[in-house]
Number of protein chains: 2
Amino acid sequence: MPVKLKQLAELLGLSQTTVSRALNGYPEVNAKTRQRVLKAVRETGYRPNRAAQRLATGKAYSIGLVMPIASGIVSDIHFGEFLAGLAEEAVKHDFHFVLNPSAPEDEEATFRRLAASGNVDAVFLAHMRANDPRIAILKSLSIPFVVHGRSIGGPKDYPFVDIDNTAAFYEATRLLVQLGHRRVALINGQEHLAFAIRRKKGVVRALKEWGLELDETLVHHSLMTDEFGYRSMQRFLTQPHPPTAVLCSSTVLALGAVRAINQAGLTVGTDISIIAHDDVLPMLKPENFSVPLTTTRSSLRAAGARIASRLIGGILDRGTYPEQELWHPELIVRASTGPAPGK
Amino acid sequence: MPVKLKQLAELLGLSQTTVSRALNGYPEVNAKTRQRVLKAVRETGYRPNRAAQRLATGKAYSIGLVMPIASGIVSDIHFGEFLAGLAEEAVKHDFHFVLNPSAPEDEEATFRRLAASGNVDAVFLAHMRANDPRIAILKSLSIPFVVHGRSIGGPKDYPFVDIDNTAAFYEATRLLVQLGHRRVALINGQEHLAFAIRRKKGVVRALKEWGLELDETLVHHSLMTDEFGYRSMQRFLTQPHPPTAVLCSSTVLALGAVRAINQAGLTVGTDISIIAHDDVLPMLKPENFSVPLTTTRSSLRAAGARIASRLIGGILDRGTYPEQELWHPELIVRASTGPAPGK
DNA sequence: AGGAGCATCCAAAGCGCTTTGGGAGGAGGC
DNA sequence: GCCTCCTCCCAAAGCGCTTTGGATGCTCCT
């Protein structure tokens, strides 16, 4: 039987009120008393009973997750990695999850149910699309939320954590152009997703600054799997004017792309340069590629942890976080980028 | 404000006790009264407050999940699919999850923390290995659990849901042998995992019945990704005596294998036969392969739902379930299997 | 000296359920 | 007719926390 507040209070010769206040950081308790309480907590291993806290405070101490079950999203490697970060942080604070598998068309209803159920204090939202309607829905439900990513268009005043996709791909492209590449290809995520739109924008912008244009035949949108990376690259290479450089929206795509390149008898980094976005998947390290991969790097797991931390912080009203965070991926140059052939 | 038990009782002119008992299926309440109560519940939309139930019953109404973060497991497509099934069922019963990301070497400690925390009523266990020590640990912690899969060796009396991997691959192999194949290859999951061991055993057994042996150079163990399927197949095909048929432990592996086959200028189903195990991933349907794939089929999502259902049923002590379930995958013949060339 | 004002603590009332320990009333046995 | 035994229901006591609404001294000011 774990020790409870009452016993702790008796042990200390204090009232439950005071002990509770000491633990929850209320000001009306003497500093010395608070120290005594904290010491006793350490010694007895006291942990407040979450069920009781839930009942007393009306908080659920859990966060809601709409888990997309559309083909190939759940299953997406990237989702698992993000979830790991989210969960890692949540478990530290003894928060629960309510996982709601849902097809994209049911998401709105799912959010409503979730909000109405009172089972969660906050929800998290991802896979943003352009003009994503879900933001307005969540606002109207007045349940706290944090978005992973950003919509394009629509309301701007909502909390998010995102990476600067435009800048990342702008910088990557700039590097390629500086190296003399003129025909660069893009193997991107699905067309309707905001991050993909932004990455493409970054590429276009960089090329434009050099008076170049992005050839639409050199742009593919797909799920981010090995297989699609391979196919896209293969099609690029059989074009009359194949690219001398390619940007991939994930190292997973790059894996397939590299295979296609090798298979065509070309060498990565000399015949063709490649830059991928690295989500820091433990499974797929860019430095372990046969030719180490130049990448724009930003940890997906860290983003998950950060979002959890913000959601939880908001619920416990501890600390204040910036509403909107835009992380800047680092461009890390390895051997997969080199001067354009013939330059 | 949602309606609460007290109001419901007043409305009905009953005591809270009686209403509560009516709802929880206790015998000491008149059938007519129970009907009245249920009707009122329907009309008012009453839903018991989980936090209060938790406190009053001491149950957590949530299930624990140790989420493996080893390279390429979380990220594994198959994990997401399983989780979707688990969550789908859990959400129906208003159960929460406690997701504990954990490296394999920390799993024992994680289970201990989880059990001690009192935050979960039951846990689920997967990725079984031979002589898996985790079963004994969970038993000693005396927390209810259900295993997905089975260990090999060690204690036998624990609850599980598994598929008959040996039989599935035995039958698949038998079909190939009947079709005249003599050299069959196996692209399997990681060597230490129980399901992989069993599948191999099924293959060996079937071959043996025809006086054949499994050539160890035709067996590869790896993570079940596209990439590894491709590589394995490629290596098989460049052998002096390439196989005429290949078994894959997942359609994901088959995807890569098929690519390698095509690339070698061979045709699936005529030059080389292929059978894969189909977990029914929505993303990857065997009938959509360029040559529809013969498979052994068993839905991973259904297994997840079933395990959730058993865990939850056990917690609410509703109904009794068989302790051990061994599902038999169906062998579904499509176009990827044909007679051995030259027969 | 007499309050005002602050710092520090406490008793007790919930939060919304489950469960214990009866109690009333009717049926059945002698 | 009386007692026992069910059947069906209830009042009230928790479950372990948070929070409201004071109390109790003390300091400080005028």
Side-chain angles (χ1 to χ4, degrees), chain A residues 1-38 40-41 44-62 93-95 117-119 121 315-318, chain B residues 1-38 40-41 44-62 93-95 117-119 121 315-318:
Chain A
M1 256 302 102
V3 42
K4 3 205 120 145
L5 187 61
K6 189 175 177 183
Q7 297 162 23
L8 196 66
E10 276 167 13
L11 188 80
L12 286 162
L14 288 170
S15 73
Q16 294 191 38
T17 310
T18 304
V19 178
S20 172
R21 290 204 157 134
L23 290 176
N24 295 313
Y26 282 75
E28 55 268 76
V29 45
N30 188 298
K32 260 188 191 150
T33 311
R34 192 186 304 272
Q35 290 314 314
R36 276 182 60 216
V37 171
L38 293 177
V41 166
T44 57
Y46 168 76
R47 307 215 37 187
N49 179 311
R50 257 290 139 89
Q53 288 184 312
R54 272 188 247 263
L55 187 57
T57 60
K59 288 178 184 168
Y61 296 98
S62 35
H93 300 277
D94 192 7
F95 264 65
S117 77
N119 269 327
D121 304 304
I315 294 164
L316 303 176
D317 19 65
R318 295 235 179 87
Chain B
M1 256 300 113
V3 41
K4 4 206 118 144
L5 187 60
K6 189 175 176 184
Q7 297 162 21
L8 196 65
E10 276 168 12
L11 189 78
L12 286 161
L14 288 170
S15 73
Q16 294 191 38
T17 311
T18 304
V19 178
S20 172
R21 289 202 158 137
L23 290 176
N24 295 312
Y26 281 76
E28 55 268 75
V29 46
N30 188 297
K32 261 189 191 151
T33 312
R34 192 188 305 273
Q35 289 315 314
R36 274 183 62 216
V37 170
L38 292 177
V41 165
T44 57
Y46 169 76
R47 306 216 39 187
N49 178 311
R50 257 293 140 87
Q53 288 185 311
R54 272 187 246 265
L55 186 57
T57 61
K59 287 178 184 167
Y61 295 98
S62 36
H93 300 277
D94 193 7
F95 265 63
S117 77
N119 269 326
D121 304 303
I315 294 165
L316 303 177
D317 19 65
R318 294 236 181 90

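Chain letters run A, B, ... following the sequence lines, proteins first and then strands; every chain starts at 1. Keep in mind the model is a prediction, meaning the values are calculated, not measured.
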Nucleotide N/O to protein N/O under 3.5 Å, stretch nucleotides 5-8 of chain D:
| residue | atom | partner | partner atom | Å |
| --- | --- | --- | --- | --- |
| D:dC8 | OP1 | B:Asn30 | ND2 | 3.3 |

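- Taking every heavy atom of both residues into account, A:Gln53 and A:Pro48 meet most closely at NE2-CB, 3.6 Å.
- Taking all atoms of both residues into account, the shortest heavy-atom contact from B:Arg54 to B:Ser62 is NH1-OG, 4.3 Å.
- In this structure, CG of A:Leu55 is placed 4 Å from C1' of C:dC15, rounded to the nearest angstrom.
- To the nearest 0.5 angstrom, A:Lys59 atom NZ is 8.0 Å from A:Ile315 atom CD1.
- Remark: A:Tyr61 pairs with A:Phe95 by the ring-ring contact (aromatic ring centres under 6.0 Å, His included) rule, at least two apart or across chains.
- Here the closest heavy-atom approach between residue A:Tyr46 and residue A:Leu23 is recorded as CE2-CD1, 3.6 Å.
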Taking only N/O atoms, report every protein-nucleotides 17-21 of chain C pair under 3.5 Å with atom names and distance.
| residue | atom | partner | partner atom | Å |
| --- | --- | --- | --- | --- |
| C:dC17 | OP1 | B:Tyr46 | OH | 3.2 |
| C:dC17 | OP1 | B:Asn49 | N | 3.3 |
| C:dC17 | OP2 | B:Leu5 | N | 2.7 |
| C:dC17 | O5' | B:Tyr46 | OH | 3.2 |
| C:dT18 | OP1 | B:Asn24 | ND2 | 3.1 |
| C:dT18 | OP1 | B:Gln53 | NE2 | 3.1 |
| C:dT18 | OP2 | B:Ser20 | OG | 2.6 |
| C:dT19 | OP2 | B:Tyr26 | OH | 2.8 |
| C:dT19 | O4 | B:Thr17 | OG1 | 3.1 |

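- B:Arg50 and B:His93 make their closest contact through NH1-O, 3.2 Å (heavy atoms, listed as atom of the first residue, atom of the second, distance).
- Looking at heavy atoms from C-beta onward, B:Asp94 lies out of side-chain contact with A:Ser117 at the 4.5 angstrom threshold.
- Evaluated for a side chain to side chain contact (heavy atoms under 4.5 Å, CB included) with A:Leu14, the options A:Leu11, A:Thr17, A:Leu12 yield exactly one hit, A:Leu12.
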